[in-house]
Amino acid sequence: MAAAQGGAERYFTRWYKPDVKGRLCEDFCVLQHSNRICVITLAEAHPLLQNGKTIKSINYQISANCSRLQNKVSGKSKRGAQFLTELAPLCRISSSDGEKYTIYSCIRGRLIEVNENILNNPAILQEKPSTEGYIAVVLPKFEESKNITQGLLTQEEYEEVLLKRLNSSS
């Protein structure tokens with residue numbers, strides 16, 4: 001008997017953005033719900049999800065004047081939401097080995113929420129990246145929601161990228 005599908009698999013379509021800003025293996029996953037909402041997570045191949053990495057800190061303070069934690073959204077039209085471009089930084093993560101990673105939005109839209117739970121418990125980012133360990137929730141503009149996945153890869157296309165990486169490294 002097949003295992004029951006989780007909510008992420010059942011209700012969301014997975015899209016991938018590999019090698020963001022030319023950084024090898026820094027891949028992100030966009031979980032797109034049928035209602036347009038997109039959840040930004042780390043892709044399986046991201047260095048932070050590899051064995052032996054421990055997350056030291058997560059910081060939503062992007063610059064001196066911009067903290068994603070200050071994002072206050074209200075009402076049906078999501079007033080007050082910060083607007084993001086594809087390469088807008090969401091947060092910065094430091095690992096115990098001294099590496100620093102910037103997590104990017106990968107899609108254009110309004111920042112609905114950031115996951116504050118990972119600040120207190122960074123391990124869930126690694127243990128459950130597609131569910132409780134998500135980075136942020138972004139709502140694309142209605143007129144852009146059909147085109148939001150341009151430049152992103154399907155699950156099959158992403159698996160081909162991973163296979164090519166594996167073959168080139170061996």
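Values below: every heavy atom of this structure, side chains too, minus hydrogens, waters and symmetry copies.
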Does the side-chain contact (heavy atoms from CB on, under 4.5 Å) test come out yes or no for Gln32 and Thr149, once each step is laid out? CA-CA 9 Å; Gln32 184 183 37; Thr149 57; 3.5 Å; yes
Once rounded to the nearest 0.5 Å, what's the spacing between atom CG of Leu69 and atom CD of Gln61? 8.0 Å
Within the 4.5 Å heavy-atom criterion, are Val138 and Arg110 side-chain neighbours or not? no
Set of side-chain hydrogen bond (donor to acceptor under 3.5 Å, both in side chains) partners for Arg68, sequence neighbours left out: Gln82
Residues 86-94 side chain polar contacts: donor-acceptor under 3.5 Å, at least two apart:
unit_1 : atom_1 : unit_2 : atom_2 : d
Arg92  : NH1    : Thr102 : OG1    : 3.1
Arg92  : NH2    : Ile62  : O      : 3.0

Gln126 side chain vs Gln50 backbone, donor-acceptor pair below 3.5 Å: no
Taking the side chain as C-beta and beyond, is there a heavy-atom pair between Ile37 and Leu31 under 4.5 Å? no
If I take atom CD1 from residue Ile112 and atom CG from residue Leu84, how far apart are they, to the nearest 0.5 angstrom? 9.5 Å
Is the shortest heavy-atom distance from the side chain of Asn121 to the side chain of Asn117 under 4.5 Å? no
Starting from Val73 and following side-chain heavy-atom contacts under 4.5 Å between hydrophobic residues (I, L, V, M, F, W, Y), which residues can be reached? none
Starting at CH2 of Trp15, measure out to SG of Cys106 and round the result to the nearest 0.5 Å. 13.5 Å
Calculate, to the nearest 0.5 Å, the distance between atoms CD1 and CD1 belonging to Ile103 and Ile58 respectively. 8.5 Å
Checking Glu116 now: which residues fulfil side-chain hydrogen bond (donor to acceptor under 3.5 Å, both in side chains) with it, not counting sequence neighbours? none
Under 3.5 Å, is there a donor-acceptor pair between the side chain of Asp27 and the main chain of Ala45? no
For side-chain contact (heavy atoms from CB on, under 4.5 Å), just list the numbers for Phe83 and Arg108, CA-CA rounded to whole Å, side-chain angles, deciding distance to a tenth of an Å, and then say yes or no. CA-CA 8 Å; Phe83 188 79; Arg108 289 168 44 91; 3.8 Å; yes
Can you list the residues that meet the side chain to side chain contact (heavy atoms under 4.5 Å, CB included) rule with Asp97, with sequence neighbours excluded? Lys53, Ser95, Glu99
Looking at side-chain heavy atoms only, is the closest gap between Val114 and Asn71 below 4.5 Å? no
When you measure from the side chain of Glu157 to the backbone N and O of Thr154, does any donor-acceptor pair fall under 3.5 Å? yes
Are side-chain heavy atoms of Ile107 and Ile40 found at a separation under 4.5 Å? yes
Flag side-chain contact, heavy atom, 4.5 Å: Cys29 against Ser130: no
What are the two closest non-hydrogen atoms of Pro47 and Cys25, and how far apart are they? CD-O, 3.2 Å
Any non-hydrogen side-chain atom of Leu49 less than 4.5 Å from a side-chain atom of Pro129? yes
Within-4.5 Å side-chain heavy-atom neighbours: Leu125 and Ile135: yes
Report the hydrophobic cluster partners of Val161, with the cluster defined as I, L, V, M, F, W, Y residues connected by side-chain heavy atoms closer than 4.5 angstrom, directly or transitively. Tyr16, Leu153, Tyr158, Leu162
List in chain and number order the residues that pass ring pair (Phe, Tyr, Trp, His ring centres under 6.0 Å) with Tyr60, two or more places apart in sequence or in another chain; answer none if no residue qualifies. none
Could you work out, with side-chain hydrogen bond (donor to acceptor under 3.5 Å, both in side chains) as the rule, every residue matching Lys128, not counting sequence neighbours? Glu132
For Glu127, the side chain to side chain contact (heavy atoms under 4.5 Å, CB included) test, sequence neighbours excluded, returns Ala123, Ile124
Asp19 meets the side-chain hydrogen bond (donor to acceptor under 3.5 Å, both in side chains) criterion, sequence neighbours left out, with Arg165
What pairs meet the ring-ring contact (aromatic ring centres under 6.0 Å, His included) rule with one or both residues in residues 21-40, with sequence neighbours excluded? Phe12-His33, Phe28-His46
Would you indicate whether Asn35, at its atom CG, is surrounded by more than 12 heavy atoms from other residues, nucleotides or ligands within a distance under 6.0 Å? yes
Verdict with reasoning, Glu113 to Tyr134, per side-chain hydrogen bond (donor to acceptor under 3.5 Å, both in side chains): CA-CA 11 Å; Glu113 74 174 57; Tyr134 70 96; 2.3 Å; yes
Listed by chain and number, what are the side chain to side chain contact (heavy atoms under 4.5 Å, CB included) partners of Thr54, not counting sequence neighbours? Ser96
